[in-house]
Protein chains: 2
Amino acid sequence: MKPSPTLKKIAAQLNVSISTVSRALKDHPDISIETKRKINELAALIEYDPNPYAVNLRTHNNKEFAIVVPSLSNFFYHSFISSIEEDARKHGYSIFIYRSSNDVQIELEILKNCRLKRVSGVFISITTETKDIAPFLKLDEYGIPVIFFDKVPAYELCNKICIANEQAASLAALAILKKGSNDVLGIFGDPNMPITQVRYQTFNRVLVEGNPVIRLQNVNANSADEAEQLILTMLADYNGTYLTIFCMSDEILTGVMKAVQRKGLKFPKDIGIICISDGMIPKLFYPEITYAETSGFKLGKLALSRMMRCIAGSSFAQTIIDESCLVEGGSL
Amino acid sequence: MKPSPTLKKIAAQLNVSISTVSRALKDHPDISIETKRKINELAALIEYDPNPYAVNLRTHNNKEFAIVVPSLSNFFYHSFISSIEEDARKHGYSIFIYRSSNDVQIELEILKNCRLKRVSGVFISITTETKDIAPFLKLDEYGIPVIFFDKVPAYELCNKICIANEQAASLAALAILKKGSNDVLGIFGDPNMPITQVRYQTFNRVLVEGNPVIRLQNVNANSADEAEQLILTMLADYNGTYLTIFCMSDEILTGVMKAVQRKGLKFPKDIGIICISDGMIPKLFYPEITYAETSGFKLGKLALSRMMRCIAGSSFAQTIIDESCLVEGGSL
DNA sequence: ATTATTACCGCAAACGTTTGCGGTAACATT
DNA sequence: AATGTTACCGCAAACGTTTGCGGTAATAAT
């Protein structure tokens, strides 16, 4: 456990004061060129680096962000995290990863941890049960900016970076209309989740409104397995008319694809498939699945740039919606 | 930016010294029951929590682990990270995520960062170019335990938690032999990577040794796309004899699956497929792909428990190999 | 020759803890 | 009555920085 180089040691070596060393190292004009040279040389030689704990104690400045997500087994969050990490490093920031497991209690603990550590900022996708906004305001009181992403609270006065759920659902619906298939099956996730409701409502509105010829059926599935079973039983009496399946998410899509493969159905010949996705899963199949993109990567870039602005002093709350776009595979 | 509660404030409120407050809060026997009660009450009321920076400055103890990986877009690392995060939180640890992008220079920077932050421990999967072991020994000098996982250095005297590459490759080979198909195509990744070499050698040895009837062909692909192209051209003159394809990794597998779907080949009827994988990708298809499991989750558990032992004082180096097992899908 | 200016540098306090050591009162022991 | 114990508690230094302020010598201005 060898001791680290400190200002004190450099000062002692060179017979100058600690303050002189400190100032020299940050190129303060009060220090002569010659002294600076000597100090910088020695510092480089013994590989001096400031102790971040001591620095923080004085300045209350660290270079750490926290990212809090409900789950880590999720492609979308992965690309978000990856995206943030990339840029954060360039700015000299490190990132903490926290998983709430969609548990409000754990989320609370995590937020407290962030506060104690006085991280420079928090990116968070809240749990589906999070109702109380107070803990977040508390972070704000301590001067820690909070950027909500993906799963955001209804509360107005905060920074939110969202996926364009309406647009994505709408794009998918329009793509189906354009192809001209009239039988559509929409598969959605947990009906209690706001994200499900938004996608459901928009998809239904855009698809059906003014298009009386469309026969749309909607179902819900809480897991990939459930989606698979659902499709299997529904396709048991497959009458041969061309059906288009819309999957609200990657998880639903994986279940659907299992069923489709099991039935030996060809897409786009026998059946059409379209989904909302980050893009990872759709590209595993051939032809690739057509999807309305919700990019964690782009969201991350937006979130980080918003964060940087907050740190620079911007205090006004803003909601940014990242636009979606249709990525054509060959599944429709 | 409201000020945090401190020992000093509690002390002032209660007309006792800072040391008394500090000791009372950690149930030191020198402090009377009555005093402890008062102090604990006030501390709870104003929500006092020790400043981790001040604590660290004194004690050099923090509760932070760093995980360093070459890439974040990798299922195996995801489950590893997820696994560590879960248990670490229970022990009161936070985790830093760092990505080296397989760049030695960045890796060096990250290691330096870890040293400066004096994290409690580092989990790292090194880059394919990492030759110099010195930076890691340096961490050790500062009393920071390093646990290598997955991609580990050849150097002996360190803690390594590895996938059973030989066993996994062997299991796959044995499974193929058991099925009795004689034409085998092995697809491997970058031939310069040790992991490729080990899997290649073991697979070839087990499959061919003592089985002169086996016709094995090996190829290398550096990406999913390359694997896809490779398979497409090789299957162009598909002569109808049953072929079994072995994929060394998830990435290779995704490319192969693209090609197989494109060709409209049925497995296990037309073709056999087997791979080494974490299990995520193989389960996306129907029938599910048979694979020799390399579990990031299990590896994480092993790594963390090893880390805890290191922190508790164990200083001897150990290499742990996590056993693989064959997970039967229906692709063979 | 006195005063103002400049260039450089150090003192010391502060950030919020932890902890060795010493101190005081009250009580028990000879 | 002098001494030894015990139960509590505070002083002060230390961890490694940052920074306001004050100080000294050398030079420039009067």
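Naming: A, B, ... by sequence-line order, numbering from 1 per chain. The structure displayed is predicted, hence computed values, not measured ones.
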B:Asn51, nearest nucleotide to its side chain (from D:dT17, C:dC11, C:dG16)
C:dG16

Stepwise, does the ring-ring contact (aromatic ring centres under 6.0 Å, His included) test hold for B:Phe136 with B:Tyr155?
CA-CA 11 Å; B:Phe136 300 102; B:Tyr155 184 72; 9.7 Å; no

Could you check whether B:Asp30 gets within reach of a base, just the sugar-phosphate, or nothing at all, counting any heavy atom under 4.0 Å?
base

Return the value, rounded to whole Å, for the distance between atom CG of A:Asn56 and atom C1' of C:dT17.
13 Å

Looking at every strand, decide which applies to B:Ser32 at a 4.0 Å heavy-atom threshold: base, sugar-phosphate, or nothing.
sugar-phosphate

For atom NE2 of B:His28 and atom P of D:dC8, their distance in whole Å:
12 Å

Sequence neighbours excluded, which residues qualify as side chain to side chain donor-acceptor pair (under 3.5 Å) partners of B:Asn102?
B:Thr128

Taking D:dC15, C:dG10, D:dT18 as options, the one with an atom nearest any side-chain atom of A:Arg58 is D:dT18

Between D:dC15 atom C1' and A:Lys8 atom NZ, what is the distance in whole Å?
8 Å

Ion pair B:Asp27/B:Lys36, N-O distance below 4.0 Å
yes

Selection from D:dT18, D:dG10, D:dC15 that lies nearest to any side-chain heavy atom of B:His60:
D:dC15

Establish, from distance only, whether the side-chain atoms of A:Thr35 and A:Ser32 form a donor-acceptor pair under 3.5 Å.
yes

Rounded to whole Å, NZ of A:Lys117 lies from C1' of C:dG16 at a distance of 16 Å

A:Lys26 atom NZ is separated from D:dT17 atom P, nearest whole Å, by 9 Å

Atom CG of B:Asp27 and atom P of D:dC9: how far apart are they, to the nearest Å?
13 Å

Check the phosphate of D:dC9 against B:Thr35, side-chain N and O only, distance under 4.0 Å to OP1 or OP2. Yes or no?
yes

So, A:Thr127 versus A:Thr130: side-chain donor-acceptor pair below 3.5 Å or not?
yes

Donor-acceptor pair under 3.5 Å, A:Arg23 side chain vs C:dG10 base
yes

Scan B:Ser4 against the nucleic acid and name what it touches under 4.0 Å (heavy atoms): base, sugar-phosphate only, or nothing.
nothing

Just the rounded figure in Å: distance from P of D:dT17 to CG of A:Asn61.
16 Å

Round to the nearest Å and state the distance from A:Asp49 atom CG to D:dT17 atom C1'.
14 Å

Name the closest nucleotide to the B:Thr20 side chain, picking from D:dC9, C:dT17, D:dT18.
D:dC9

Looking across every strand, which nucleic acid part, if any, lies under 4.0 Å from B:Ser22 by heavy atom: base, sugar-phosphate, or nothing?
base

Look at the side chain of B:Ser19 and decide which nucleotide, out of C:dT17, D:dA12, D:dT17, has an atom nearest to it.
D:dA12

Among the nucleotides C:dT17, D:dT17, C:dG10, whichever has the atom closest to the side chain of A:Tyr48 is D:dT17

